[in-house]
Amino acid sequence: MTTKILSVGGSMIAPEKPDVDFLASFVKMAKEWLSQDDSRRLILVAGGGAPARVYQNAYKEVVSKLGESSDNSAADWIGVMATRINAQLLKASFGNLCQNDVVTNPTADIEWTGKVLVASGWKPGFSSDNDAVLLAEKFGADMVVNLSNIEKVYTDDPRKNPDAKPLDNISWADFRKMVGDEWVPGKNVPFDPVASKKAQSLGLTVICSSGKNIQNTKNILDGVSYIGTTISG
């Protein structure tokens, strides 16, 4: 059995609102890939996207107007709930190929039927990237593909530093120096720091690439040449 894990960033599913063109193209590609071999399975982990940001910011504004400080755990729970509605949209889009309920706890006992398993965020303390890593451990996958709105990981934020360079490969040690060790709700990094620590401990490979490039995602699934950054070692 070949199990591949795609962590589908919320910026792909719902950058401002649900991106139906992306979703239709992505689901079509995934269905075609699955149909080519009966042993293939896919795990999709949904991020929060715009719903997470909008509601987290609303929460922070509300408590600010009350003269109070926002709580990271409360903001994280709002983000988790946003991932669940995005995950439900993904599940519905795959129809009978996804027979299980959306996975909300990657450490629970899961009897996976069908060809597709869809998961959401779990609980405060990390992003849905960490759920993807935990599911990779559970189902014996050696790689997670992280699909977001960036094509590659850069040496620095290219929006702020014009000298930032794209990377084809980077070690976990060097990547973790870039992203740090702490998770903050809504933190914008290529891969969650908590997930990165766990992935390194498992010897997992993570590929960060642009989810918009559907053919490139298929290339990664097929194990042929692709555009992205490979984190390993």
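All heavy atoms count here, side chains included; hydrogens, waters and symmetry mates do not.
Residues V103 and I43 form no side-chain contact, since every pair of their non-hydrogen atoms from C-beta on lies 4.5 Å or further apart. Inter-residue side-chain proximity for V133 and F126 is flagged as unmet; no heavy-atom pair is nearer than 4.5 Å. At a threshold of 4.5 Å between non-hydrogen side-chain atoms, the residues D37 and T2 do not count as touching. When side chains are defined from C-beta on, L134 counts as touching W122, because their heavy atoms get closer than 4.5 Å. With contacts defined as side-chain heavy-atom distances shorter than 4.5 Å, the pair D19/K212 qualifies. Side-chain contact between V80 and K123 is absent, with no heavy atoms from C-beta onward closer than 4.5 Å. Between L117 and R41, the closest side-chain pair of non-hydrogen atoms is not below 4.5 Å. When side chains are defined from C-beta on, S210 does not count as touching N216, because their heavy atoms never get closer than 4.5 Å.
Aromatic ring pairs are classed by plane angle as parallel below 30°, tilted from 30° to 60° and perpendicular above 60°; the pair F191 and W172 is tilted.
Proximity of a side-chain donor or acceptor of K115 to a complementary backbone N or O of D38 within less than 3.5 Å is detected. Remark: the backbone N or O of T205 is not paired with any side-chain donor or acceptor of D142 at under 3.5 angstrom. For the pair Y59 (side chain) and D71 (backbone), a donor-acceptor distance under 3.5 Å is present. Listed for the D192 side chain is a donor-acceptor partner under 3.5 Å among the backbone atoms of S127. A donor-acceptor pair is defined here as one N or O able to donate and one able to accept, closer than 3.5 Å; no such pair exists between the side chain of K198 and the backbone of N130. Listed for the K165 side chain is a donor-acceptor partner under 3.5 Å among the backbone atoms of D163. Side-chain N or O atoms of T229 include one that pairs as donor or acceptor with a backbone N or O of L167 at under 3.5 Å. In this structure, the side chain of Q56 engages the main chain of A75 through a donor-acceptor pair within 3.5 Å. A donor-acceptor pair is defined here as one N or O able to donate and one able to accept, closer than 3.5 Å; such a pair exists between the side chain of R40 and the backbone of W33. S171 contributes a side-chain N or O that, together with a main-chain N or O of D174, makes up a donor-acceptor pair within less than 3.5 Å.
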Would you check, one step at a time, whether the test salt bridge (Lys or Arg N to Asp or Glu O under 4.0 Å) holds for K218 with D222?
CA-CA 6 Å; K218 185 176 184 299; D222 287 336; 2.7 Å; yes

Start with the C-alpha gap between F139 and I110, add the side-chain angles, then the distance that decides, and say whether side-chain contact (heavy atoms from CB on, under 4.5 Å) holds.
CA-CA 10 Å; F139 289 104; I110 302 168; 4.1 Å; yes

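Residues Q99 and T113 approach most closely at OE1-OG1, 3.3 Å, considering heavy atoms. Heavy atoms only, all atoms of each residue included: M12 and F22 are closest at O-CD2, 3.3 Å. Heavy atoms only, all atoms of each residue included: A136 and V144 are closest at CB-CG2, 4.0 Å. Contact record, I150 with P190: CD1-CB, 4.0 Å, taken as the closest heavy-atom pair. Pairing each heavy atom of V145 with each of S209, the nearest pair is CG1-OG, 4.3 Å. When all heavy atoms are compared, the tightest approach of T83 to A46 is CB-O, 3.4 Å.
Partners of K28 under the side-chain contact (heavy atoms from CB on, under 4.5 Å) rule, at least two apart in sequence or in another chain, are E32.
Side-chain contact annotation: D76 with W183, donor-acceptor N/O pair under 3.5 Å present. Judged by distance alone, the side chains of N219 and Q215 do bring a donor and an acceptor atom under 3.5 Å apart. Between the side chains of D168 and T230, no donor N or O sits under 3.5 Å from an acceptor N or O.
Separating the CD1 atom in I227 from the SG atom in C208 is a distance of 14.5 Å, to the nearest 0.5 Å. Rounding to the nearest 0.5 Å places CG of N213 at 11.5 Å from OG of S25. Rounded to the nearest 0.5 angstrom, K31 NZ and S93 OG are separated by 8.0 Å. To the nearest 0.5 Å, atom OG of residue S120 and atom CG of residue D131 are 7.0 Å apart. Atom SG of residue C98 and atom CG of residue L42 lie 10.5 Å apart, to the nearest 0.5 angstrom. Put simply, CG on N146 and CD1 on I5 are 12.0 Å apart, with the number rounded to the nearest 0.5 Å.
V54 and W77 are not part of a single hydrophobic cluster, where members link through side-chain heavy atoms under 4.5 Å apart. Residue L147 is not grouped with residue V206 when hydrophobic side chains (ILVMFWY) are merged at heavy-atom distances under 4.5 angstrom, including chains of intermediate members. When hydrophobic clusters are built by joining Ile, Leu, Val, Met, Phe, Trp and Tyr residues whose side-chain heavy atoms come closer than 4.5 Å, directly or via intermediates, M81 is not grouped with L89. When the side chains of ILVMFWY residues are joined at heavy-atom separations under 4.5 Å, either directly or via intervening members, F26 and V116 end up in a single hydrophobic cluster. A single hydrophobic cluster is seen to contain both M29 and L90, as judged by linkage of ILVMFWY side chains at heavy-atom distances under 4.5 Å, directly or through other members.
Within a 6.0 Å sphere centred on CD1 of I214, other residues, nucleotides and ligands contribute more than 12 heavy atoms. Within a 6.0 Å radius of NZ in K138, other residues, nucleotides and ligands contribute more than 12 heavy atoms.
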